[in-house]
Protein chains: 4
Amino acid sequence: MVVSDPVASASDGASSESREPLRERFEQVREFTLLLCEPLAVEDYVLQNMDDVSPTKWHLAHTTWFFERFVLQEYAADYEPWEVPYDFLFNSYYNTVGAMHTRSRRGQLSRPTVGDVLRYRREVDARILDLVSGCDTQTLEQLAPVLTLGCQHEQQHQELVLTDLKYNLSCNPLLPAYHEAPKSASAISPARQEWVSFEGGIREIGHAGPGFCFDNEGPRHEILLRPFALSSRLVTNGEFLAFVEAGGYERPEPWLDLGYAVIRTQGRGHPLYWYREDGVWMQYTLGGPVRLDLAEPVCHVSFFEADAFARFTGYRLPNEGEWEAAAADRPLEGNTAERMRFHVEAAPPARGVFSQIYGDVWEWTASPYTGYPGYRPAAGALGEYNGKFMCNQYVLRGGSCATSLSHLRPTYRNFFPPEAQWQFTGIRLASDA
Amino acid sequence: MVVSDPVASASDGASSESREPLRERFEQVREFTLLLCEPLAVEDYVLQNMDDVSPTKWHLAHTTWFFERFVLQEYAADYEPWEVPYDFLFNSYYNTVGAMHTRSRRGQLSRPTVGDVLRYRREVDARILDLVSGCDTQTLEQLAPVLTLGCQHEQQHQELVLTDLKYNLSCNPLLPAYHEAPKSASAISPARQEWVSFEGGIREIGHAGPGFCFDNEGPRHEILLRPFALSSRLVTNGEFLAFVEAGGYERPEPWLDLGYAVIRTQGRGHPLYWYREDGVWMQYTLGGPVRLDLAEPVCHVSFFEADAFARFTGYRLPNEGEWEAAAADRPLEGNTAERMRFHVEAAPPARGVFSQIYGDVWEWTASPYTGYPGYRPAAGALGEYNGKFMCNQYVLRGGSCATSLSHLRPTYRNFFPPEAQWQFTGIRLASDA
Amino acid sequence: MVVSDPVASASDGASSESREPLRERFEQVREFTLLLCEPLAVEDYVLQNMDDVSPTKWHLAHTTWFFERFVLQEYAADYEPWEVPYDFLFNSYYNTVGAMHTRSRRGQLSRPTVGDVLRYRREVDARILDLVSGCDTQTLEQLAPVLTLGCQHEQQHQELVLTDLKYNLSCNPLLPAYHEAPKSASAISPARQEWVSFEGGIREIGHAGPGFCFDNEGPRHEILLRPFALSSRLVTNGEFLAFVEAGGYERPEPWLDLGYAVIRTQGRGHPLYWYREDGVWMQYTLGGPVRLDLAEPVCHVSFFEADAFARFTGYRLPNEGEWEAAAADRPLEGNTAERMRFHVEAAPPARGVFSQIYGDVWEWTASPYTGYPGYRPAAGALGEYNGKFMCNQYVLRGGSCATSLSHLRPTYRNFFPPEAQWQFTGIRLASDA
Amino acid sequence: MVVSDPVASASDGASSESREPLRERFEQVREFTLLLCEPLAVEDYVLQNMDDVSPTKWHLAHTTWFFERFVLQEYAADYEPWEVPYDFLFNSYYNTVGAMHTRSRRGQLSRPTVGDVLRYRREVDARILDLVSGCDTQTLEQLAPVLTLGCQHEQQHQELVLTDLKYNLSCNPLLPAYHEAPKSASAISPARQEWVSFEGGIREIGHAGPGFCFDNEGPRHEILLRPFALSSRLVTNGEFLAFVEAGGYERPEPWLDLGYAVIRTQGRGHPLYWYREDGVWMQYTLGGPVRLDLAEPVCHVSFFEADAFARFTGYRLPNEGEWEAAAADRPLEGNTAERMRFHVEAAPPARGVFSQIYGDVWEWTASPYTGYPGYRPAAGALGEYNGKFMCNQYVLRGGSCATSLSHLRPTYRNFFPPEAQWQFTGIRLASDA
């Protein structure tokens with residue numbers, strides 16, 4: 001998701017919503033973004049410590065620009081842009097609607113200030129709410145799906161606000177905490193690992209409505225599965241540490257050739273945010289440094305690390321068809337952003353079922369990110385860019401502790417390059433039946 | 001194939017060959033490599049003008065080392081290595097059998113000289129032939145598959161000798177020719193383009209024997225296809241030039257995001273080896289510079305260029321399942337290395353069938369290179385590395401004018417990164433039915 | 001000066017100052033730094049838009065750390081560091097006193113916040129003033145030179161605060177102003193250029209006291225000069241524009257080989273901060289964008305540009321001996337930081353004398369920065385690093401509109417690499433007599 | 001000298017030579033170049049293993065092109081270039097006479113072959129000799145200085161042939177020898193080190209004729225020296241090893257800031273070509289690997305290493321004025337290229353005099369390379385480039401074991417960037433008196 005804003009399919013059902021739920025949904029989503037910023041100092045909003053992350057200030061402004069550009073400028077009579085240069089500064093990659101500021105230079109800007117951006121947000125919010133309340137029904141039907149899309153888009157950026165902040169703060173030798181993390185009851189020992197079996201055959205995956213989805217979740221289509229098994233829970237820190245301590249990073253055998261080159265070149269020897277202090281394995285979290293909890297799911301591993309770990313243990317990663325087929329009838333629940341923990345939790349005791357599905361960590365699949373058969377991006381600027389990122393990325397499923405549950409679905413396809421570590425990403429093992 | 005040596009499955013049938021055909025096959029393959037080198041000056045053997053290519057001298061030595069290391073050292077009694085440092089210099093990436101010289105520095109070596117390497121080849125060849133003639137039947141059964149694999153491996157390097165030389169010579173402002181190319185009867189106009197339709201349903205792809213295959217061609221397995229159509233012939237230079245002249249490289253719409261970044265960063269505006277001279281489009285070939293023939297298949301395009309062209313025209317690239325299903329019952333014939341032309345030819349007149357399948361150019365598919373369901377690399381050094389390259393590469397099918405026909409099969413899977421241009425790579429369009 | 005903190009010679013006369021002037025000087029210098037920061041938003045303090053510049057926040061903290069480390073920790077009884085990690089974060093390159101944070105990562109830190117740093121400043125200031133007031137005479141004699149050095153050091157960083165901010169803000173497409181610049185009476189036309197002649201012979205240069213100097217200003221020593229002439233005023237924007245418009249950047253003749261490589265590689269075609277808008281030459285200043293004033297001195301040119309311009313016009317740059325000999329008896333006055341303009345001014349009408357000597361722009365000399373004969377760095381941490389930067393840099397003389405007059409002397413030697421543009425640097429022409 | 005061809009002053013006395021000595025000199029110099037190539041395999045001529053070195057083939061062709069371009073094309077009636085593209089391929093940096101091939105790509109060319117280049121040499125040689133024999137006296141007077149310059153130019157490239165080959169061959173893990181080195185009588189112990197004192201005062205340096213010099217050797221001019229002392233001999237391997245073993249490369253104190261960054265970034269811990277094998281210090285030489293001889297002068301150190309060693313020992317490097325004043329009346333003799341050893345020799349026993357002046361190693365001075373007072377490059381293409389390299393380089397004096405004695409003079413100024421190691425460069429210590 002780092003370089004993309006997956007956009008909505010044309011067929012989402014948002015246009016049938018009435019005005020009030022639309023307003024409420026909009027206000028809730030916008031409010032939650034500000035809630036995430038509450039612990040920040042002004043200085044925190046400015047940082048961009050690698051090209052892949054953006055300053056918090058940019059996220060606040062870009063999500064606002066999205067509503068301004070695609071709702072107000074399209075549907076509000078005589079709307080004039082708040083500040084003309086914002087169209088340049090806060091466009092992400094919608095080439096059709098104009099030129100844009102270079103991604104890697106977002107951290108070079110001190111102006112507009114955080115205060116300026118918050119004023120911009122408030123003004124756009126007021127205008128959006130006025131528009132939704134006051135427009136005619138035909139306009140409402142047209143703008144409702146765009147507004148819904150804008151909310152989903154903002155939820156994606158809420159997750160990025162957290163992951164980007166975590167990265168930015170982690171570069172500071174003081175290792176400052178983002179917030180005071182809620183205490184979690186640490187497991188005495190990790191839940192037992194079990195295998196859950198699934199039958200093969202022709203299955204359907206992909207979104208078929210009703211409700212919102214991004215266009216890359218469709219069309220719904222048949223796939224052919226072979227019998228398979230999935231682990232009942234995520235791989236733990238303890239299990240991954242065993243791989244580290246067995247010299248897993250020191251020899252090429254378990255690694256993809258490209259992955260081994262990456263860990264050699266970058267000198268990686270463990271997941272991102274792990275470090276040793278006086279012989280003790282520590283981990284930087286949004287609550288500051290903590291001792292590594294061996295019962296918790298391993299987090300901040302790249303696809304390369306997930307894949308190498310799986311091969312080392314004799315198993316493999318699931319493909320996305322397997323994952324979706326297995327998840328299809330499981331309840332939508334988990335350790336997600338609403339809990340405001342922004343950190344993983346140890347799995348509940350095993351009960352022979354596929355669990356820890358939503359929340360905690362995005363699960364790397366073995367599936368390169370490509371378009372489903374018959375996939376066509378939507379027309380116009382909003383549909384212009386969705387398929388653009390279907391190259392050299394892998395699909396992740398299930399959401400993380402920084403994803404809102406209201407943003408998740410069994411069909412949701414996230415995607416990142418195989419070397420990316422800074423998202424809340426982890427490992428679920430699979431096996432041929 | 002740039003970073004890999006796909007290796008044989010354990011189940012190839014080579015062990016049932018008798019001694020004489022084995023010797024003959026070995027001698028033919030080894031002889032053909034030397035035939036390819038005949039036009040060269042000593043200086044030509046040394047060049048490595050980008051990391052992805054290797055000096056001809058290295059190819060000659062590495063293929064020899066393969067036989068020395070995996071046949072002579074394993075099966076010839078009391079065999080002593082020809083030169084101990086060759087094990088270091090001419091190993092490509094078989095980590096299990098030892099350390100190796102850095103790939104990007106192969107062009108830094110003037111010694112061993114070409115003469116030294118040719119002596120090495122002759123010596124190893126003689127020892128191999130002696131061994132095949134004189135060993136007991138049990139040893140023969142063991143070494144036969146390795147020898148067959150070595151011959152297939154050498155055929156892969158024969159193609160690389162040609163593509164690497166083409167690249168190396170193209171960097172010389174004098175644009176020297178590799179050989180005097182056979183004259184081709186230039187088409188007055190390109191063959192008509194037709195669509196050939198194929199039914200959907202469950203099909204099988206992958207190799208099931210008898211005969212040799214690389215392990216990535218198996219296991220044979222079922223796939224689910226939707227109805228589709230393939231173009232009767234390859235995309236021509238004239239068709240691709242229309243894309244260039246319509247500003248295809250100047251705007252982001254048809255491109256994958258990563259592809260557009262590559263052409264912007266590298267300043268690409270046309271296929272590799274095209275250039276304009278006094279307003280005329282020219283093309284560097286192994287026969288030297290020639291005027292661009294609009295009826296010939298376009299060649300030396302990357303996956304990014306193939307994909308962008310397909311999107312621009314409203315079609316798409318085939319996936320590898322479609323390609324193999326369509327090719328399964330077509331004759332194995334085409335403009336391949338045996339003809340010693342090493343350049344594409346215009347398509348024959350259309351007859352409503354799927355043609356230009358083998359030879360001319362490797363056809364980019366839309367399929368990321370991954371393991372087939374149930375794929376397991378063979379055990380030991382020879383199987384150690386095959387799956388290692390299944391990341392950020394795309395499958396190509398059909399072979400090129402630099403591939404030996406005796407090296408090709410419908411199930412053959414070649415693979416290169418999406419930005420690679422220096423192989424003989426081209427485009428076949430596909431469409432949903 | 002970019003990578004250095006030239007430090008005081010052991011022989012400066014500061015120890016003879018009484019307490020009160022020492023306190024006053026300290027308070028004035030510290031206050032002026034804060035005055036420079038008044039126009040800033042919090043966000044402005046964080047930026048580091050190239051490796052050579054530092055965030056304002058870092059300058060505020062580093063200058064404070066200097067006093068804490070070299071005065072309080074050395075002379076205040078039982079002093080405990082304010083925050084232990086500050087010793088790591090705000091050390092610049094004093095290896096002897098400990099490890100330090102990587103220079104290029106100073107912009108990665110949001111904490112300590114600006115507020116934290118200001119508290120740190122206030123606390124250290126109070127402790128310093130207490131110490132000066134309360135210490136015994138012997139201690140006062142020891143710490144006085146260090147305190148004086150710290151004030152000179154802070155004045156250097158005051159200039160960097162301005163030049164670094166100018167660079168950081170210039171990267172913002174909004175081109176925000178740092179302050180509202182005082183209006184200047186623009187000259188109708190530039191002052192006439194005259195040559196001022198000087199005799200040759202043996203002269204003395206270098207500092208011989210009394211008063212403070214950095215150790216690189218000594219020892220005072222004899223040099224042998226040949227007769228020479230210096231331009232009465234600095235080169236103007238109009239004169240430099242003529243060079244630009246004559247294609248001066250397009251052909252190699254006037255350039256040093258290295259300089260031509262730099263302008264080719266970086267695509268430079270004019271001084272830093274110049275740009276064209278609708279056919280008009282504009283210039284970014286700390287007061288925001290203004291039309292280029294042709295009568296003003298050209299500014300923000302590198303040594304390479306200064307040298308090429310001189311060669312193009314048939315003259316040369318002065319060497320530092322010539323400059324110092326000529327300046328030795330001229331009044332210490334000019335357009336310096338005290339005026340709070342931070343922008344150059346057109347020269348006064350020519351009167352046949354060497355003028356525009358101090359302030360406006362640092363004048364590039366032809367002299368590589370080396371140690372004077374007999375130069376020895378002072379002992380200990382403060383003297384450890386001064387000679388370290390005597391390589392691949394050129395001497396500049398005279399100070400700029402961002403330098404405090406109280407910081408300047410005829411013997412002052414500033415130095416920057418030949419490609420540096422972001423200081424207020426300009427050109428004075430010289431000629432053999 | 002790496003990026004330059006210092007050219008002759010207009011005032012050399014060559015024009016008074018008669019035809020025969022001019023022909024003889026030309027033939028001797030050209031012959032010696034071929035003699036240096038005798039040990040090579042064809043493959044050796046092609047390598048360019050870093051940007052700073054050139055292939056032997058290029059040196060052979062470029063020196064020939066120099067005579068063709070500046071003698072034959074200027075003075076031979078109706079001369080037609082041998083091959084037009086050679087003007088592009090073998091021009092080094094004479095922009096005035098046309099565009100040129102990129103320096104860093106000289107190793108990308110296999111054609112023209114070594115045979116082609118040798119034919120080119122023979123043809124040009126024959127034409128030059130014909131021209132010298134047959135031209136009228138006025139033409140002879142004009143071409144004689146250019147021919148003399150071409151011979152001096154070729155002698156510079158003879159040294160580069162050796163140093164570039166040494167570097168190229170050293171990258172080969174086989175460490176092949178260039179030739180079978182003559183045996184040297186290894187010293188039992190190094191000669192005693194003594195200090196030789198010199199008086200201060202006004203001295204003259206620079207070339208004043210008669211005979212050839214490069215334009216950077218003039219004008220002869222007065223300098224002011226302070227009393228100084230020079231070491232009687234060069235620093236030995238044993239002395240430098242003591243610096244290495246005392247951790248000289250591990251701590252910043254003795255190093256220039258830029259030098260310490262270079263050794264840290266590049267991981268240097270000893271002079272180029274030193275390595276340890278089984279606990280023994282070895283050294284790669286043109287005769288192949290040998291055990292490090294502690295009595296021999298240290299060689300292949302950069303300016304940074306020379307400067308750090310001097311500071312570490314409490315001394316300094318001489319400046320070029322000191323060196324030239326000291327060398328002015330010493331005999332022109334030493335271990336130079338005529339001896340065909342191409343390796344340093346231990347100093348003869350000390351006799352209280354300044355010795356090991358010429359040959360063995362170029363001695364780094366503390367003097368940045370700048371133009372002498374009044375220096376003006378000659379007019380036209382030959383004078384176009386000499387001053388171009390007077391930036392970020394240091395002067396070296398005395399010649400090396402790879403320099404011809406007939407190429408040396410007391411006034412000769414060689415120059416290289418402070419990080420360069422691949423020339424035969426060493427250290428002479430100096431001290432204030």
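Lettering of chains follows the sequences in order, A, B, ..., and the numbering in each one begins at 1.
- Scanning all heavy atoms of the two residues, the minimum distance from C/Gln108 to A/Cys171 falls at OE1-CB, 3.5 Å.
- Under a cut-off of 6.0 angstrom, the local environment of CZ in A/Arg276 is crowded, with over 12 non-hydrogen atoms contributed by other residues, nucleotides or ligands.
- Looking only at distances, no side-chain donor or acceptor of A/Asp44 sits under 3.5 Å from a matching main-chain atom of C/Ser110.
- Heavy-atom pairs under 4.5 Å with chain C peak, among A/Leu40, A/Asn168, A/Val42, at A/Val42.
- Other residues, nucleotides and ligands contribute only 12 or fewer heavy atoms inside 6.0 Å of the CD atom of C/Glu180.
- Residue C/Arg111 comes nearest to A/Pro39 through the heavy atom pair NH2-O, 4.4 Å, listed as atom of the first residue, atom of the second, then distance.
- Here C/Thr425 pairs with nothing under the side-chain hydrogen bond (donor to acceptor under 3.5 Å, both in side chains) rule; sequence neighbours left out.
- More than 12 non-hydrogen atoms from other residues, nucleotides or ligands lie less than 6.0 angstrom from CZ of C/Arg264.
- Rounding to the nearest 0.5 angstrom, the gap separating the CG atom in A/Leu47 from the CG atom in C/Leu47 is 10.0 Å.
- Chain A forms more heavy-atom pairs under 4.5 Å with one residue of C/Pro173, C/Gly107, C/Pro85 than with any other, namely C/Pro173.
- Note: C/Phe88 CZ to A/Leu174 CG = 9.5 Å, rounded to the nearest 0.5 Å.
- For C/Val46, the part lying under 4.5 angstrom from a heavy atom of chain A is the side chain only.
- Using a distance-only test at 3.5 Å, with no hydrogens or angles considered, no donor-acceptor pair links the side chain of A/Asn172 to the main chain of C/Leu109.
- In this structure, the side chain of C/Glu43 engages the main chain of A/Val114 through a donor-acceptor pair within 3.5 Å.
- When heavy atoms are compared at a cutoff of 4.5 Å, C/Asn49 approaches chain A by way of both its backbone and its side chain.
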